[in-house]
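Values below: all heavy atoms of this structure, side chains included; hydrogens, waters and symmetry mates excluded.
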Amino acid sequence: MNYLEKAKVWKDFKGLDPALKKELDGMTDQDLQEAFTNDLEFGTGGLRGILGCGTNRMNIYIVEKATLGFGRYLLKQSKVAQSRGVAISHDNRHFSVEFARKSAEVLTSLGFRVFLFEALRPTPELSYAVRNFNCIGGIMITASHNPYHDNGIKIIDSNGDKMKDDFLKEVEDYIDGAFYLEASSDTGKCYDYIFGRNEYVKHLIDIPKESFRGYKIGLDCANGASFSIASNIFNLLGADVFAINNHPDGENINVKCGSTRPEILQKYVVKNNLDVGFAFDGDADRCMMVDEQGKLVDGDGIIYIISKYLKLNSKLNKDTVVATACPKHIVAIQHEKRNKEGVFTACCTDESACIGCAMCAMMCPDCAIIIEK
């Protein structure tokens, strides 16, 4: 169908959301072309797009379609998919709550158990919940570091990782109707994951072996999901916490703040004489660090610090770090097997990546750290 035919299908749909109908009725021909010529396609880990009416926009119907495809895919992959269930979380963007509830509605209609977070939570917490509950997968409603007028849906596999591109292609086949599976005759149950926050907090504060007392730590929460947990974690560990950009209103997420604008935190750390700072993105699965002099420590530098620490404490499994691209701070010179710290860096070429490097590394038998570039 061309864009006008697709737009007519939406206009003729009697159950169309009133707000979307109003937007559709006011669209010019140029607007219709932009909104209906193409369909949103899966990118890195899921779908992202501008909020609005149309097949090339993020809205309740696109979320419904994507979730239905994901559910059908899971049913084909495992006979116990429904009983293992799916965890669902969201950030604080416009319609994130509605999209999360719609995903839960679709999956329960297919017979799945669903663990739905009661409030916004960061993506790494969803990753932990998927593994903690032995879920078959997870859904995060977020557009990550994109601007506030975007939203999206990230699909998480049973290991708590972003789904690889080849799996996402199969999910798209179910969305596009290339395959079809009948919905379950038994409706699944949706569980309020209200108790999950305490479990995740306990998990995080159990990781450090020493108190953070005496350290002054700056946090840039990007007016996103990390505001709900980051300050609390560092406070519980004994640090003096200085948080900025921690008052999300749905429109200020990632706006001149967070990991996409680390210079804000760099100045803040120096001005307030802090020991270290951490800047997150909107859903808190990205982090940039700032040292006490205001110098930026990017992902490469963070992995260097972690790998060196583990190496010195004889905890770096096989002295190996695996990355989807070679980090400049720790990769060996091309003709050398190891860098000066004795750490071997193996580089993947498929660009697939994981959420929560340290968590994933615990499940890898051949290395201690797996990282995304």
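- Take Phe278 and apply the ring-ring contact (aromatic ring centres under 6.0 Å, His included) test, not counting sequence neighbours, and it matches Phe234.
- Qualifying side-chain hydrogen bond (donor to acceptor under 3.5 Å, both in side chains) partners for Glu199, counting only residues two or more places apart in sequence or in other chains: Asn132.
- Within a 6.0 Å radius of CD in Glu41, no more than 12 heavy atoms belonging to other residues, nucleotides or ligands are found.
- Put simply, NZ on Lys65 and CG on Asn59 are 10.5 Å apart, with the number rounded to the nearest 0.5 Å.
- Side chains of Arg48 and Asn146: a donor-acceptor N/O pair is present below 3.5 angstrom, by distance only.
- A donor-acceptor contact closer than 3.5 angstrom is absent between the side chains of Asn56 and Thr37.
- Taking each heavy atom of Leu40 and Ile62 in turn, the nearest pair found is CD1-CG2, 4.2 Å.
- Listed by chain and number, the residues in a ring-ring contact (aromatic ring centres under 6.0 Å, His included) with Phe280 amount to none (sequence neighbours excluded).
- Scanning for salt bridge (charged side-chain N to carboxylate O under 4.0 Å, His left out) contacts around Glu98 gives an empty result, with sequence neighbours left out.
- Residues Ser144 and Lys154 approach most closely at OG-NZ, 3.8 Å, considering heavy atoms.
- Judged as a salt bridge (charged side-chain N to carboxylate O under 4.0 Å, His left out), and not counting sequence neighbours, Lys11 has no contacts.
- Listed here is the closest heavy atom pair of Ala87 and Val130: CB-CG2, 4.1 Å.
- Checked against salt bridge (charged side-chain N to carboxylate O under 4.0 Å, His left out), Arg113 has no partners two or more places apart in sequence or in another chain.
- When the ring-ring contact (aromatic ring centres under 6.0 Å, His included) test is applied to Phe13, the partners found at least two apart in sequence or on another chain are Tyr61.
- Two residues are said to be in side-chain contact when any heavy atoms from C-beta on lie closer than 4.5 Å; Leu4 and Lys8 fail this criterion.
- Residue pairs meeting the ring pair (Phe, Tyr, Trp, His ring centres under 6.0 Å) criterion with at least one partner in residues 204-224, sequence neighbours excluded, do not occur; the list is empty.
- For the atom pair CG of Leu68 and OG of Ser103, the computed distance is 10.5 Å after rounding to the nearest 0.5 Å.
- Tracing side-chain contacts under 4.5 Å through hydrophobic residues (I, L, V, M, F, W, Y), one reaches Phe70 starting from Val63; they form part of the same cluster.
- Here Tyr148 pairs with nothing under the side-chain hydrogen bond (donor to acceptor under 3.5 Å, both in side chains) rule; sequence neighbours left out.
- Among all heavy-atom pairs drawn from Ser228 and Ala225, the shortest one is OG-O, 2.8 Å.
- With no hydrogens or angles considered, no side-chain donor-acceptor pair links Asp281 and Ser259 at under 3.5 Å.
- Under the 4.5 Å side-chain heavy-atom criterion for grouping Ile, Leu, Val, Met, Phe, Trp and Tyr, Ile217 is not connected to Ile244 through any hydrophobic cluster.
- Residue pairs that meet the side-chain hydrogen bond (donor to acceptor under 3.5 Å, both in side chains) test with at least one member in residues 265-276, sequence neighbours left out, do not exist here.
- Residues satisfying the ring-ring contact (aromatic ring centres under 6.0 Å, His included) test with Phe117, not counting sequence neighbours, are Tyr193.
- Phe227 and Leu219 fall into different hydrophobic clusters, where Ile, Leu, Val, Met, Phe, Trp and Tyr residues are linked whenever their side-chain heavy atoms come under 4.5 Å apart, directly or through other members.
- Lys6 and Asp39 are joined by a salt bridge, as a carboxylate oxygen and a charged side-chain nitrogen come within less than 4.0 angstrom of each other.
- Within a 6.0 Å sphere centred on CD of Glu210, heavy atoms belonging to other residues, nucleotides or ligands number 12 at most.
- The CD atom of Glu125 lies 10.0 Å from the NE2 atom of His203; values are rounded to the nearest 0.5 Å.
- Both Ile136 and Leu116 belong to a single network of hydrophobic side chains, linked directly or stepwise wherever heavy atoms of I, L, V, M, F, W or Y lie under 4.5 Å apart.
- By the salt bridge (charged side-chain N to carboxylate O under 4.0 Å, His left out) test, Glu34 is found to be paired with Arg57, residues two or more places apart in sequence or in another chain being considered.
- Counting heavy atoms from C-beta on, the side chains of His90 and Phe99 never come closer than 4.5 Å.
- Counting heavy atoms of neighbouring residues, nucleotides and ligands inside a 6.0 Å radius, atom NZ of Lys21 does not exceed 12 of them.
- Minimum heavy-atom separation, Ala222 to Gly258: CB-CA, 3.7 Å.
- The shortest heavy-atom contact between Ala7 and Leu24 is O-CD2, 4.1 Å.
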